[in-house]
Amino acid sequence: MSSEAARHLRALELPVVDAARELVGCTISHGPCSGVIAETEAYHDSEPACHAFVGLTARTATLFEAPGIAYVYRSYGIHFLLNVVVEAEGVGAAVLIRALAPLEGIGLMQERRGRERLTDLCSGPGKLTQALGIGLDLNASSLLSGPIRLGPPPPEASEPCAVVVATRIGITRAVELPWRFCVAGSRHVSKPWPPGLLR
DNA sequence: CATGGGATTGACT
DNA sequence: GTCAATCCCATGC
């Protein structure tokens with residue numbers, strides 16, 4: 001593998017906020033379905049919005065594992081949310097994947113979601129796991145060896161995409177941290193859109 | 001051991 | 001704009 005193609009892997013070693021920015025534009029795949037990451041958020045055990053803030057528990061154990069592991073958990077009793085564990089083993093840090101631009105397996109994603117429009121398939125953290133067929137059974141699985149794969153940006157993306165930075169959404173604590181990263185101009189980003197996303 | 005709340009979504013007023 | 005669905009786990013009694 002060339003050093004260019006390994007950039008998304010080196011991101012896993014970075015501080016989580018840098019990793020979250022670097023992972024925007026990379027790809028996530030599961031089976032025949034894949035998409036380009038359009039939105040991420042960073043979470044770190046040093047701040048109270050992160051599940052790992054409470055320390056090592058049965059729930060948070062995955063967050064403290066080695067970089068490149070998937071942390072999948074159930075949200076609001078209904079949805080599954082996918083995170084990429086980053087930083088050194090023993091540190092509770094992860095990048096929440098909040099949105100994808102659908103790439104492959106779109107028919108299956110439409111079927112799983114019960115929606116037709118591309119912007120309704122993966123424009124939210126619970127939507128994209130439903131579209132890709134990701135459940136709790138994949139918690140603690142490796143994103144480097146599958147079944148879920150983290151890959152480099154698609155070849156047609158020659159330039160690194162412009163990224164809009166904003167505060168995280170859907171949380172009640174540490175709301176002031178600007179740890180949300182969105183592809184500028186992308187309508188696949190989850191709502192509410194950050195200021196200046198389009199334009 | 002009982003309970004409250006959450007990194008959400010979709011339907012409805 | 002509001003609100004319910006639904007379940008695991010962390011917390012507190």
Side-chain angles (χ1 to χ4, degrees), chain A residues 12 15-21 23-24 26 28 35 37-65 67 69-87 91-102 109-141 143 148 150 163-183 187-194 197:
Chain A
L12 303 178
V16 64
V17 178
D18 298 320
R21 177 190 277 273
L23 290 180
V24 170
C26 293
I28 291 282
I37 298 175
E39 179 185 2
T40 63
E41 285 178 355
Y43 287 87
H44 191 270
D45 61 20
S46 61
E47 47 89 15
C50 182
H51 292 168
F53 185 68
V54 300
L56 182 61
T57 67
R59 183 194 197 192
T60 64
T62 306
L63 281 167
F64 291 89
E65 290 201 28
I69 297 294
Y71 170 50
V72 182
Y73 73 97
R74 187 189 299 271
S75 175
Y76 290 92
I78 305 172
H79 302 103
F80 303 120
L81 271 61
L82 170 67
N83 296 254
V84 179
V85 174
V86 302
E87 297 198 24
V91 177
V95 175
L96 171 67
I97 307 302
R98 288 196 56 91
L100 305 175
M109 292 198 255
Q110 288 169 325
E111 193 176 307
R112 285 168 169 161
R113 289 276 302 133
R115 302 289 163 123
E116 292 297 316
R117 286 176 25 228
L118 295 187
T119 50
D120 286 339
L121 299 183
C122 299
S123 54
K127 297 178 186 177
L128 71 91
T129 56
Q130 184 184 26
L132 296 199
I134 293 171
L136 285 186
D137 54 309
L138 292 171
N139 181 44
S141 67
L143 294 167
I148 312 170
L150 174 66
V163 171
V164 172
V165 183
T167 53
R168 297 177 295 182
I169 59 175
I171 57 173
T172 57
R173 299 188 287 181
V175 294
E176 72 286 355
L177 296 176
W179 286 8
R180 182 189 185 196
F181 302 94
C182 307
V183 173
R187 294 181 172 274
H188 297 288
V189 169
S190 68
K191 291 174 180 169
W193 285 343
L197 180 73

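What you are looking at is a predicted structure, and each value in this text was computed from that prediction instead of being measured. In what follows, chains carry the letters A, B, and so on, assigned in the order in which the sequence lines appear, proteins first and then strands, with residues in each chain numbered from 1.
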Trainee: Around A/R187, counting heavy atoms of other residues, nucleotides and ligands shown, do more than 12 lie under 6.0 Å from its CZ?
Mentor: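 Open.
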Trainee: How far does the P atom of B/dA2 sit from the matching atom of C/dT6, given to the nearest Å?
Mentor: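 Rounded to whole Å, the distance is 22 Å.
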Trainee: Which distance, rounded to the nearest 0.5 Å, do you find between the CG of A/L96 and the CZ of A/F181?
Mentor: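 Reported value, rounded in 0.5 Å steps: 12.5 Å.
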Trainee: Backbone N or O of A/F80 within a donor-acceptor pair of the A/T129 side chain at under 3.5 Å?
Mentor: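 A pair under 3.5 Å: yes.
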Trainee: Between A/R173 and A/P48 (side chain of the first, backbone of the second, donor and acceptor by atom type, cut-off under 3.5 Å), is there such a pair?
Mentor: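 At least one qualifying donor-acceptor pair exists.
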Trainee: Which dot-bracket string describes DNA chain C (Watson-Crick N1-N3 plus N6-O4 or O6-N4, or G-U N1-O2 and O6-N3, all under 3.5 Å; [ ] crossing; | other strand)?
Mentor: |||||.||||||.
Trainee: Is there a side-chain contact between A/L63 and A/D45 (heavy atoms, below 4.5 Å)?
Mentor: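 A/L63 vs A/D45: side chains apart.
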Trainee: Would you say A/E87's side chain and A/A19's backbone share a donor-acceptor pair under 3.5 angstrom?
Mentor: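 Checking the backbone N and O of A/A19 against the side chain of A/E87, no donor-acceptor pair under 3.5 Å is found.
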Trainee: For A/G55, is there any backbone N or O sitting under 3.5 Å from a side-chain donor or acceptor partner on A/T60?
Mentor: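 Checking the backbone N and O of A/G55 against the side chain of A/T60, a donor-acceptor pair under 3.5 Å is found.
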Trainee: Can you check the distance between B/dA7 and C/dG1, where both ends of the measurement are the C1' atom (answer in whole Å)?
Mentor: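 23 Å, rounded to whole Å.
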Trainee: What's the shortest heavy-atom distance between A/L143 and A/N83, and which atoms?
Mentor: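 What the structure gives for the nearest pair is CD1-O, 4.4 Å.
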Trainee: So, the side chain of A/R98 versus the backbone of A/E39: is there a donor-acceptor pair under 3.5 Å, distance only?
Mentor: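 The answer is no, because no donor-acceptor pair under 3.5 Å joins these two groups.
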Trainee: So does A/A42 get a backbone contact from the side chain of A/R168, meaning a donor-acceptor N/O pair under 3.5 Å?
Mentor: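 Yes; at least one donor-acceptor contact below 3.5 Å.
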Trainee: Just by protein heavy atoms under 4.0 Å, how would nucleotides 2-13 of chain B read 5' to 3' in B, S and -?
Mentor: ----BBBSSS--
Trainee: For nucleotides 11-13 of chain C, tabulate all protein N/O to nucleotide N/O atom pairs closer than 3.5 Å, reporting atom names and distance.
Mentor:
none

Trainee: Rounding to the closest angstrom, what is the interatomic distance between B/dG10 and C/dC8 at atom C1'?
Mentor: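 The same atom, C1', in both gives a distance of 22 Å.
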